[in-house]
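Only heavy atoms go into these numbers, but all of them, side chains included; no hydrogens, no water, no symmetry mates.
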Amino acid sequence: MADTHLLLLSRWLTPVPGFLTPLTGPGCRIGYLPTASSIYPDHAWLDLERDTLRQQGYEVTELDPETSGTTAFARRLGEVDAVFVAGGNTFHLLGALRAAGADRVLVDAVRAGLPYIGVSAGAAVVGPDIAPLALLDDPTETAPLTSTEGLGLVGVTVIPHAEGTVGGRGPVEATRRLFGAGHRLHFLRDDEAIVVTGETLRVIPG
């Protein structure tokens, strides 16, 4: 079984080349999932991310389970060298992946060795449970989930923007108080990143 390789980010994409190049070589093809933000009218930060990835030398192709069936999503996932899951609402992201049958397809591909890059919601969704994100993302903005169980690719739930850059420090500290005892949480600052290789998790500058 191949090692899993994940790069979990809160905001900035600076660590992407250092993560991907040893795995894929330079200039690989990245499948970009904008799904977590599809419920919002402003997609400016998605355009900025795509532009940044292209400036880093990558070919970026759209890969959205909301606009393709399970078979098409799996086929297109097999045509890319890495997958990039953008930020937005974590609850919408998980629900959309499940509704499209893309959650298991994505997990299987990553467990088979496909490098995964997740930013904000894309970093939070790979943990064991997204319930602790309820004070940072509004669960009512999307269809109700029957379960908040995450993708389970890592053993911690990432709480992005830990310094309070999105919504202030109040929700972050409330998350720590309300969920810290019952969940394994990792509070990730915008200037940090998490690299996961197999069972090993390390924090690097972001």
Problem - Results of side-chain hydrogen bond (donor to acceptor under 3.5 Å, both in side chains) for His5 - residues two or more places apart only - result: none

Can you check whether [X] reaches [Y] side chain to side chain, under 4.5 Å on heavy atoms?
X      : Y      : answer
Leu94  : Leu151 : yes
Val60  : Phe84  : no
Tyr116 : Leu106 : yes

Are the side chain of [X] and the backbone N or O of [Y] linked by a donor-acceptor pair below 3.5 Å?
X      : Y      : result
Asn89  : Asp138 : yes
Thr21  : Gly18  : no
Ser38  : Pro34  : no
Gln56  : Pro17  : no
His43  : Ser37  : yes
Thr157 : Asp129 : yes

Problem - OG1 on Thr70 to CG on Leu97, rounded to 0.5 Å - result: 10.5 Å

Practice task
Would you please test Arg98 and Thr146 for side-chain hydrogen bond (donor to acceptor under 3.5 Å, both in side chains) and show each step?
Solution key: CA-CA 10 Å; Arg98 283 204 184 126; Thr146 56; 4.8 Å; no

Handout entry: Asp108/Arg111 under salt bridge (Lys or Arg N to Asp or Glu O under 4.0 Å): CA gap, chis, key distance, verdict
Key = CA-CA 5 Å; Asp108 289 346; Arg111 286 184 173 157; 5.3 Å; no

Handout entry: Glu149 CD: over 12 foreign heavy atoms closer than 6.0 Å
Key = no

In terms of hydrophobic clustering (I, L, V, M, F, W, Y; side-chain heavy atoms under 4.5 Å; direct or indirect links), are [X] and [Y] co-clustered?
X      : Y      : answer
Val195 : Leu114 : no
Ile159 : Leu6   : yes
Ile117 : Leu48  : no
Val154 : Val107 : yes
Leu136 : Val126 : yes

Practice task
Would you list the pairs meeting side-chain hydrogen bond (donor to acceptor under 3.5 Å, both in side chains) in which at least one residue belongs to residues 175-188, sequence neighbours left out?
Solution key: Glu173-Arg176

Handout entry: Sequence-distant partners of Glu192, side-chain contact (heavy atoms from CB on, under 4.5 Å), two or more places apart
Key = Leu188, Arg189, Val203

Exercise for the section: Please determine, by modelled atom types, if His92 and Thr35 share a side-chain donor-acceptor pair under 3.5 angstrom. Expected result: no

Handout entry: Where Asp137 and Phe91 come nearest, the two heavy atoms and their spacing
Key = O-CE1, 3.7 Å

